[in-house]
Every structure is written in structure tokens, then in C-alpha cells.
Undergrad: 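If you scroll down you'll find the structure; I have some questions about it.
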Amino acid sequence: MGGFFECVGRTPFGSLLAFLMVIVGVGVYCGTLYRALTLVIEGILNQLFGFSVTWLEIIRVMFVIIAVVMGLFAILLLIFGFLATGATRKNVYSGPRCIMGGRISAGFLIIISYLLCVGWIAIVCINLVAVVGYAATSAICSQEIYRHTAQELTDLHYCFNITRFGIYRNLSYSSTESIPGSETICEHSELRTLCDRVTEAGPLFCVAFGASVVIVFGMIQYLICLTANYTRIKISKELTEYRDAVEMEELEVNPSFIQKGPPPYLGDTHSSLS
């Protein structure tokens with residue numbers, strides 16, 4: 001049982017929870033948003049409107065890079081959480097130089113985590129725009145397309161114009177190129193295909209929005225754990241200085257005094273929460 005409790009004492013449950021939130025959130029976010037953008041780019045813009053939007057294709061590729069970077073950073077923060085927890089901290093950050101290195105590392109990771117947290121908050125806001133666009137398009141499909149037959153839409157001369165959402169085909173091509181495609185579709189079959197693709201991609205945008213919120217909470221959890229670990233490492237420095245002062249005083253009074261090992265760290269029994 002002693003080995004079990006020692007293992008539990010070395011486990012940073014707070015960092016482990018944040019790691020799971022970030023890893024699961026990034027996996028779900030990148031997977032769902034990549035699929036949703038594929039439906040929009042290839043299923044709607046390329047097939048129905050006949051032109052491509054360069055910046056959407058760049059964003060789709062960036063999600064793969066974001067997934068790799070966030071995964072590596074989450075693993076790095078988890079490793080630091082193990083090093084700064086319980087008895088492991090007592091062994092790793094025992095000397096003055098090790099303590100200073102631990103404080104610098106913790107401070108650097110706090111800054112990076114804060115910047116990433118702010119960045120993901122901005123991504124949440126961008127995803128909210130996509131969710132609102134899905135809701136607006138879904139309402140258009142429900143009220144203007146699904147409720148009417150092909151003959152009714154033909155009599156009404158109804159056409160769907162994608163410029164309603166600020167997407168223009170001339171922005172993706174230079175002025176010297178012939179601009180392919182069209183910004184409107186009027187055929188009933190194409191309109192229903194458009195709405196079907198929107199119905200398929202919309203829930204993926206909503207799931208991606210929820211996953212980005214989970215990532216933000218995971219980064220906040222990491223910030224809490226890093227701040228707690230920074231404080232504990234700082235306290236260990238103060239305890240080391242206090243121990244050295246006491247030992248020097250004891251040596252002056254009693255020359256036969258034997259120096260003791262590293263002092264116990266405050267809160268070791270509960271430090272696994274970090």
C-alpha cells in the first residue's frame with residue numbers, strides 16, 4: 001500500500017485533467033472542423049458555385065498543424081506537472097540552481113499558456129461566427145427552399161446568392177485572370193444540395209465550437225496548476241535558505257552538528273492536486 005500512496009502522491013491530477021481536456025478538445029475540434037470545411041470548400045464552393053476560396057483552404061491545413069503543436073505542448077505541461085509534484089519535486093528541485101531553473105521554466109510556461117489561452121478565446125469567437133452563419137443559412141433553407149417545390153421556385157425566379165455571407169469569388173483571383181464559377185445558383189436540385197450540405201456541416205461547426213470551449217477551460221486549468229507549482233517551487237527556495245541559515249547557526253554553536261538532508265516540503269501530502 002505504501003508504494004500505491006507514493007505513486008498517487010507523485011501524480012499531478014490537476015495537470016492530468018487539463019491534459020485530457022486539451023488533448024480530447026483539440027482532437028475533436030480539428031477533426032470536426034476539418035470535415036466541416038471540406039464540405040463547405042469542396043461540396044458547396046467547388047461543386048455548386050464553381051470557384052475556390054484560398055483562405056479557407058489555408059485554414060483547413062492549419063488545423064492539422066494546430067493539432068500537432070497543441071498536443072506537444074500539452075505533453076510538455078504534463079511532464080512539468082509530474083516534475084513539480086510531491087516527492088518528485090523534492091528530488092528534482094533540491095538545489096538552489098535547480099530551484100531557480102524550475103521557477104524560470106514555470107514562469108515561461110505560464111506566459112506561453114496565457115498567450116495560447118487568449119488565442120483560443122479568439123478562436124472561440126471565430127467559431128461562434130461560423131455557428132451563427134450555419135443558423136442563418138439553415139433558416140433560409142427552411143423558409144425559402146425546403147417549403148417550396150421546384151415549380152414554385154422557378155415561378156418566383158428564386159436564386160441563392162453567396163455574397164450574402166461576404167464570400168466573393170473575385171477575391172480569390174487576380175484581376176488578370178478569368179474568374180470561374182458564379183456567385184448565385186438557381187436550379188432547384190442545386191439549391192436542395194446546398195441545403196443538404198449545410199445541414200451536414202452545421203452540426204460539425206457546433207461540435208467544434210463546444211470543443212474549443214473545452215480547450216479554453218483546459219488551458220485555464222493548466223494556468224492554475226502552473227501557478228500553484230511556481231509557488232511551491234518558490235517556497236522550496238525559501239525553505240532551503242532557512243535551513244542553510246539554521247545549519248550555519250547550529251555549526252557556530254555546536255561544531256559537531258551534522259547537516260541534515262533537504263527539508264520536508266509544505267503540502268506534499270496534498271501536492272498531487274497540481
Side-chain angles (χ1 to χ4, degrees), residues 25-70 119-120 122-212 215:
V26 168
V28 173
Y29 178 80
C30 292
T32 55
L33 202 56
Y34 185 89
R35 175 58 181 165
L37 285 177
T38 299
L39 289 171
V40 172
I41 295 172
E42 298 179 1
I44 296 178
L45 296 178
N46 293 351
Q47 295 181 11
L48 297 180
F49 292 94
F51 67 94
S52 61
V53 179
T54 306
W55 58 271
L56 281 178
E57 296 178 353
I58 295 175
I59 290 176
R60 183 174 59 171
V61 175
M62 286 180 58
F63 289 133
V64 179
I65 301 175
I66 291 174
V68 174
V69 172
M70 286 299 298
W120 276 103
I123 291 176
V124 168
C125 298
I126 295 174
N127 289 330
L128 183 60
V129 174
V131 173
V132 172
Y134 158 65
T137 308
S138 180
I140 292 173
C141 290
S142 175
Q143 298 297 322
E144 299 180 7
I145 298 176
Y146 282 138
R147 295 180 60 180
H148 297 86
T149 63
Q151 186 60 45
E152 290 175 341
L153 292 176
T154 302
D155 295 340
L156 293 172
H157 302 287
Y158 180 86
C159 292
F160 181 89
N161 195 327
I162 200 171
T163 58
R164 294 183 182 183
F165 301 93
I167 299 177
Y168 296 87
R169 59 194 177 104
N170 58 346
L171 296 179
S172 301
Y173 303 91
S174 62
S175 58
T176 59
E177 293 180 299
S178 59
I179 302 176
S182 174
E183 293 172 345
T184 60
I185 54 176
C186 303
E187 292 292 333
H188 182 260
S189 59
E190 293 180 344
L191 291 171
R192 292 193 66 89
T193 301
L194 168 68
C195 292
D196 292 340
R197 298 282 167 76
V198 170
T199 303
E200 185 178 355
L204 295 176
F205 281 115
C206 296
V207 173
F209 171 75
S212 63
I215 295 172

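The analysis underlying the following values was restricted to heavy atoms, covering all of them including side chains, and did not include hydrogens, waters or symmetry mates.
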Undergrad: Is the closest basic N to carboxylate O distance between Glu42 and Arg197 below 4.0 Å?
TA: no

Undergrad: Has the side chain of Thr32 got a donor or acceptor atom that lies under 3.5 Å from a matching backbone atom of Tyr29?
TA: yes

Undergrad: For Arg192, which residues count as a side-chain contact (heavy atoms from CB on, under 4.5 Å) partner, sequence neighbours excluded?
TA: Ile145, Tyr146, His188

Undergrad: Rounded to the nearest 0.5 Å, what separates atom OG in Ser212 from atom CG in Asn127?
TA: 4.5 Å

Undergrad: Measure the spacing between CD1 of Ile66 and OH of Tyr34 and express it to the nearest 0.5 Å.
TA: 13.5 Å

Undergrad: What are the two closest non-hydrogen atoms of Ala36 and Ala201, and how far apart are they?
TA: CB-O, 3.9 Å

Undergrad: Tell me if a side-chain donor or acceptor on Arg60 pairs with a main-chain N or O of Leu37 at a distance below 3.5 Å.
TA: no

Undergrad: Give, for atom CG of Leu191 and atom CD1 of Ile140, the distance between the pair rounded to the nearest 0.5 Å.
TA: 11.5 Å

Undergrad: Do Leu48 and Phe160 come within less than 4.5 Å of each other through their side chains, counting heavy atoms only?
TA: no

Undergrad: Closest heavy-atom contact between Leu153 and Glu144?
TA: CD2-O, 3.4 Å

Undergrad: Check the surroundings of atom CD in Glu187: do more than 12 heavy atoms from other residues, nucleotides or ligands lie under 6.0 Å from it?
TA: no

Undergrad: Flag the pair Trp120 / Met70 as yes when at least one side-chain heavy-atom distance between them is below 4.5 Å, and no otherwise.
TA: yes

Undergrad: Measuring from atom CD of Glu190 to atom SG of Cys159, what distance do you get when rounded to the nearest 0.5 angstrom?
TA: 10.0 Å

Undergrad: Are the side chains of Val198 and Ile44 in contact, using a 4.5 Å heavy-atom criterion?
TA: yes

Undergrad: Taking all non-hydrogen atoms of both residues, which atom of Val28 and which atom of Ala211 are closest, and how far apart?
TA: CG1-CB, 3.9 Å

Undergrad: Using atom types as modelled and distance alone, determine if a side-chain donor or acceptor of Ser142 lies under 3.5 Å from a backbone N or O of Ser138.
TA: no

Undergrad: List the atom of Phe205, the atom of Ala130, and the distance in Å for their closest heavy-atom pair.
TA: CD2-CB, 3.8 Å

Undergrad: Does a side-chain heavy-atom distance below 4.5 Å link Leu45 with Ile162?
TA: yes

Undergrad: Output the distance between atom CD1 (Ile185) and atom CD (Gln47), rounded to the nearest 0.5 Å.
TA: 11.5 Å

Undergrad: Give me the atom names and distance for the closest heavy-atom approach of Glu152 to Thr149.
TA: OE1-N, 3.0 Å

